[in-house]
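What follows is a short report on a single structure.
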Protein chains: 2
Amino acid sequence: MGTREQIVDAANRLFYEQGYEPTSFASIAEVVGISRGNFYYHFRTKDEILEAVIQARLASTREMLACWHEGAASPLERVRRFVEIVISNREDIENYGCPVGTLTNELAKLDHPLRAQAVGVFEIFRNWLREQFEALGRSADADDLALHVLTFSQGVATLLNAFGDRDYVQREVNRLNAWLTEQFSDTSHVASRGP
Amino acid sequence: MGTREQIVDAANRLFYEQGYEPTSFASIAEVVGISRGNFYYHFRTKDEILEAVIQARLASTREMLACWHEGAASPLERVRRFVEIVISNREDIENYGCPVGTLTNELAKLDHPLRAQAVGVFEIFRNWLREQFEALGRSADADDLALHVLTFSQGVATLLNAFGDRDYVQREVNRLNAWLTEQFSDTSHVASRGP
DNA sequence: GTCTATAGCTGGATAGAC
DNA sequence: GTCTATCCAGCTATAGAC
């Protein structure tokens with residue numbers, strides 16, 4: 001892996017774990033194992049690193065969703081798979097929150113020019129969810145349903161980060177799965193209630 | 001208003017708008033109109049200001065909820081009033097997100113010792129909501145319902161901050177109000193659908 | 001209580017040797 | 001491409017005059 005790629009990888013992780021502003025060149029350089037000066041051969045400013053990190057996240061998100069298309073059978077199962085993210089990524093979310101929501105908010109507070117690009121990751125999820133609901137025959141309110149599922153994921157991520165309560169997460173996942181079942185009269189999945 | 005109180009007020013606002021880490025003593029001093037040096041008569045460290053800010057938020061939250069008890073008639077109306085916060089605070093949320101969720105997450109990423117105290121604001125809302133649901137006869141799952149309403153508020157706040165879409169907020173508020181109606185067979189409120 | 005002055009450090013960013 | 005050395009601005013925090 002090239003140095004530039006290593007820098008983007010390390011920055012991606014550190015921006016998530018510590019936040020963009022508190023992450024210094026020194027800490028990224030330490031992880032990668034290069035000197036601070038060497039940075040400026042690959043990136044001229046800190047913002048350029050952020051832009052590369054966002055581009056990497058956009059690409060990996062698209063890739064992940066494309067993978068799901070090959071893996072999961074029906075649109076409804078794909079949506080359920082998205083819902084399960086809060087469980088499969090439980091530990092990271094407990095410690096650092098959602099990578100998408102926390103970055104967009106930090107950039108909002110900083111009034112950062114790359115804020116809109118960071119929101120792009122949300123838009124990828126939103127459009128992908130909308131497509132699933134359209135495939136389920138709900139073209140009229142597909143975007144509304146997509147935003148509702150995103151609302152769930154952001155709410156759960158924030159409260160999991162605050163309280164660290166796994167049972168709560170499972171209850172909310174069950175609740176949303178029950179809602180999905182209700183919306184589409186799906187009998188292939190039975191949401192188990194209670195912890 | 002005393003200088004110390006003015007400092008806490010200004011810090012409270014700036015920590016919300018810019019975040020804790022990016023807010024410098026200089027910017028707080030500029031707002032209050034005092035010199036940087038004068039700070040250290042009132043607070044020894046930046047963390048001490050944060051602690052005072054959190055204490056102030058705990059107090060003002062308790063005060064607000066106490067006010068609602070006098071104002072709103074029924075427990076259900078009080079819950080609906082909480083739900084409406086995302087509308088009445090729309091502009092701030094659009095620009096800076098939820099003051100509670102964004103601070104707890106920032107402190108989580110910083111691994112800050114005051115993280116638990118900041119979560120205390122969430123706990124006040126959680127306990128208060130739980131009490132309302134208990135008063136509505138749902139003592140068995142009152143805490144679960146309380147967390148669900150909190151999940152809604154955090155999800156909506158994060159996505160309103162990202163997308164800035166007011167119609168989306170109204171749709172989600174309508175959806176949660178319909179859910180409340182369904183839960184308690186309430187006929188005093190009719191959720192209007194659509195924009 | 002409030003000020004000025006300043007210490008001591010760390011941040012992002014640059015210059016130039018190799 | 002990578003390094004060391006360095007600049008300068010900004011930060012938290014302190015000392016001491018008023």
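Quick caveat, the model's predicted, so the values are computed rather than measured. Below, read A as the first sequence line, B as the second, and so on, with proteins coming before strands; counting in each chain starts at 1.
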| message | Does this structure show an ion pair linking Arg126(B) with Glu123(B), if we count only N-O contacts that are shorter than 4.0 Å? | response | no
| said: Within a 6.0 Å radius of atom CD on Glu30(B), are there more than 12 heavy atoms belonging to other residues, nucleotides or ligands? | reply: no
| said: Can you list, in residue-number order, the parts of residues 38-57 of chain A that come under 4.0 Å of DNA chain D, counting heavy atoms only? | reply: Asn38(A), Tyr41(A), His42(A)
| Going from CZ on Phe152(A) to NE2 on His148(B), what distance comes out if it is rounded to the nearest 0.5 angstrom? | 10.0 Å
| field | Worked check of salt bridge (charged side-chain N to carboxylate O under 4.0 Å, His left out) between Arg80(B) and Glu84(B) | value | CA-CA 6 Å; Arg80(B) 293 199 197 278; Glu84(B) 297 275 333; over 6 Å; no
| said: Heavy atoms within less than 4.0 Å of DNA chain C: which residues of residues 22-30 of chain A have one? Give them sorted by number. | reply: Thr23(A), Ser24(A), Phe25(A)
| task | Check whether any side-chain heavy atom of Leu147(A) sits under 4.5 Å from a side-chain heavy atom of Phe163(B), and report yes or no. | result | yes
| Between Glu134(A) and Arg130(A), does at least one N-O distance fall below 4.0 Å, as a salt bridge requires? | yes
| Step by step, would you call Asn89(A) with Tyr96(A) a side-chain hydrogen bond (donor to acceptor under 3.5 Å, both in side chains)? | CA-CA 11 Å; Asn89(A) 291 2; Tyr96(A) 318 112; over 6 Å; no
| task | Show your working on side-chain hydrogen bond (donor to acceptor under 3.5 Å, both in side chains) between Asn95(B) and Tyr16(B) and close with a plain yes or no. | result | CA-CA 10 Å; Asn95(B) 290 321; Tyr16(B) 175 41; over 6 Å; no
| query | Hey, which of these two, Thr3(B) or Arg36(B), hits DNA chain C nearer its 5' end, going by closest nucleotide? | reply | Thr3(B)
| task | Give the first and the last nucleotide of DNA chain C, reading 5' to 3', that has any atom under 4.0 Å from a heavy atom of chain B. | result | dG1(C) to dT4(C)
| request: Hey, can you tell me if Phe82(B) and Trp68(B) have their rings parallel, tilted or perpendicular (30° and 60° cut-offs)? | output: perpendicular
| said: According to a hydrophobic-cluster definition based on side-chain heavy atoms being under 4.5 Å apart (Ile, Leu, Val, Met, Phe, Trp, Tyr only), do Leu160(A) and Phe125(B) belong together? | reply: yes
